[in-house]
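Hydrogens, waters and symmetry mates play no part in the numbers below; they use all other heavy atoms, side chains included.
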Amino acid sequence: MSAHRTVVMADLSGSSRLFGLLGTEAAARFMTQCLDAMATLSQRHGGRVVKRLGDGVLLLFGAAPEALAACVALQRDHQRSLARGPAELRLPLRIGLACGELAMLGDDCYGEAVNLAARLSQLAGEGQVWATESVFEGQAATVRARDLGCLALRGIAGARRLFQIEWDDGADSGLLTLHGELAPVPATSHGASIELRRADQQAAFAAASLPIHIGRSGEADFVVRESVVSRRHASIERREGSFLLTDLSSYGTWLRPHGSANELPLRRTSCVLHGRGEIALGAPFGSPGVPVVSFSVTETG
């Protein structure tokens with residue numbers, strides 16, 4: 001039997017550290033309490049617990065707005081719990097959600113949406129909620145979200161347009177409100193270019209000259225000679241009318257749009273570059289000595 005459903009994967013980050021700190025029995029009790037609270041809150045929003053997966057829980061919702069409301073409530077409730085508890089017991093929550101046709105077999109479910117939700121919960125930062133574009137299709141806006149662009153996800157066919165859900169009322173970021181259908185990315189490359197800057201180093205690349213590579217090697221198109229930077233650290237290519245950044249490195253790449261405090265981690269994954277922003281190579285923003293490259297995209301037809 002198949003059905004169209006919204007899948008949510010909520011995952012507690014840092015459980016391994018907790019087991020080392022408290023011991024197996026006490027840590028297992030604490031984890032169970034956390035997952036019980038998450039399950040109860042989800043059920044209040046119309047969700048069903050499909051199964052528990054170690055330090056996470058897989059949830060099923062009939063409609064996307066219910067799932068979105070549940071994810072916002074989960075993060076807010078969990079944040080309040082973190083604030084009340086001791087620092088060493090704080091396990092941030094990461095959530096992924098996706099919509100699609102599922103095969104319902106007994107009490108379990110299977111399908112690409114399950115795989116997508118699980119993958120997004122792994123990619124999301126601590127305290128974040130990531131969703132696929134499918135969650136918003138045909139739905140009136142019920143939350144605010146930031147467009148993360150199209151990412152290629154390991155084990156998933158084709159790049160997917162992803163969004164980070166805003167659940168913190170106090171957050172101040174350039175978030176967009178979603179309304180109906182999303183505008184397609186223009187496919188033209190005529191006159192399009194991208195400029196990279198670091199300190200006194202500057203280079204501009206026309207769309208027709210891509211792909212290019214950023215890296216430590218002297219053969220890279222934009223050279224960054226730092227120990228944390230891989231020889232071929234990242235590439236920028238033109239694909240379907242967009243500038244696509246792909247991490248190729250050993251230690252990762254981080255993207256931060258201009259004017260935003262949010263960081264998007266890339267680990268052998270890709271993301272579309274829009275407007276202006278910064279790229280951190282080999283370590284997250286704020287790390288001591290992390291090399292940061294600024295970018296500026298020009299789209300002219």
Side-chain angles (χ1 to χ4, degrees), residues 1-12 35-52 56-81 93-104 107-125 127-151 153 156 160-184 262:
M1 178 180 178
S2 64
H4 190 275
R5 296 285 187 270
T6 302
V7 182
V8 171
M9 181 65 196
D11 182 70
L12 292 168
L35 296 178
D36 284 345
M38 290 162 57
T40 300
L41 184 56
S42 299
Q43 289 166 347
R44 290 176 187 164
H45 286 269
R48 176 171 75 85
V49 178
V50 178
K51 54 188 171 184
R52 299 185 180 189
V57 58
L58 183 65
L59 307 167
L60 203 59
F61 293 82
E66 295 173 348
L68 286 166
C71 290
V72 170
L74 282 171
Q75 284 290 13
R76 290 178 178 172
D77 182 75
H78 192 69
Q79 191 66 28
R80 288 191 291 267
S81 297
L93 184 61
R94 303 182 302 180
I95 300 178
L97 66 159
C99 289
E101 290 294 323
L102 302 177
M104 312 299 297
D107 293 330
D108 211 342
C109 61
Y110 303 87
E112 185 180 63
V114 177
N115 299 333
L116 276 169
R119 187 74 182 108
L120 295 190
S121 72
Q122 296 168 357
L123 288 173
Q128 292 183 353
V129 180
W130 282 22
T132 60
E133 183 180 9
S134 62
V135 172
F136 303 101
E137 291 176 349
Q139 305 288 344
T142 57
V143 297
R144 293 185 301 160
R146 174 174 291 280
D147 189 343
L148 299 176
C150 295
L151 277 73
L153 305 173
I156 305 294
R160 303 303 170 96
R161 193 172 186 181
L162 305 179
F163 293 84
Q164 180 181 325
I165 308 303
E166 169 60 22
W167 57 268
D168 185 355
D169 287 334
D172 181 18
S173 56
L175 296 169
L176 58 89
T177 302
L178 300 171
H179 294 285
E181 295 185 359
L182 298 161
N262 295 323

Which atom pair, heavy atoms only, marks the closest approach of [X] to [Y]?
X: Val129; Y: Cys71; answer: CG1-CB, 4.1 Å
X: Cys99; Y: Thr132; answer: N-OG1, 4.0 Å
X: Met9; Y: Ala117; answer: CB-O, 3.6 Å
X: Ala98; Y: Ala113; answer: CB-O, 3.7 Å
X: Leu102; Y: Val114; answer: CD2-CG2, 3.9 Å

Under 3.5 Å, is there a donor-acceptor pair between the side chain of Trp167 and the main chain of Gly127?
yes
With sequence neighbours excluded, residues passing salt bridge (Lys or Arg N to Asp or Glu O under 4.0 Å) with Arg44:
none
Taking salt bridge (Lys or Arg N to Asp or Glu O under 4.0 Å) as the definition, give me every residue that meets it alongside Arg48, ordered by chain and number, with sequence neighbours left out.
none
With sequence neighbours excluded, what pairs up with Ala37 under the side chain to side chain contact (heavy atoms under 4.5 Å, CB included) test?
none
Using the side chain to side chain contact (heavy atoms under 4.5 Å, CB included) criterion, which residues pair with Ala131? Sequence neighbours excluded.
Leu97, Val135, Phe136, Ile165
Please set out all donor-acceptor pairs under 3.5 angstrom arising from side-chain atoms of residues 60-67, sequence neighbours excluded.
none

Measuring from [X]:[atom1] to [Y]:[atom2], what's the distance to the nearest 0.5 Å?
X: Asp11; Y: Leu58; atom1: CG; atom2: CG; value: 11.5 Å
X: Arg94; Y: Gln128; atom1: CZ; atom2: CD; value: 9.5 Å
X: Asp77; Y: Thr40; atom1: CG; atom2: OG1; value: 10.0 Å
X: Ile95; Y: His78; atom1: CD1; atom2: NE2; value: 9.0 Å

Contact between Gln43 and Val49 at the side-chain level, heavy atoms closer than 4.5 Å - yes or no?
yes
Below 4.5 Å, heavy atoms only, C-beta onward: do Leu35 and Leu12 meet side chain to side chain?
yes
Apply side-chain contact (heavy atoms from CB on, under 4.5 Å) to residues Asp36 and Arg52 and explain how you reach the verdict.
CA-CA 10 Å; Asp36 284 345; Arg52 299 185 180 189; 2.4 Å; yes
Any chance the side chains of Arg76 and Gln79 put a donor and an acceptor closer than 3.5 Å?
no
With sequence neighbours excluded, residues passing side chain to side chain donor-acceptor pair (under 3.5 Å) with [X]:
X: Gln75; answer: none
X: Ser42; answer: none
X: Ser81; answer: Arg84
X: Glu112; answer: Arg160

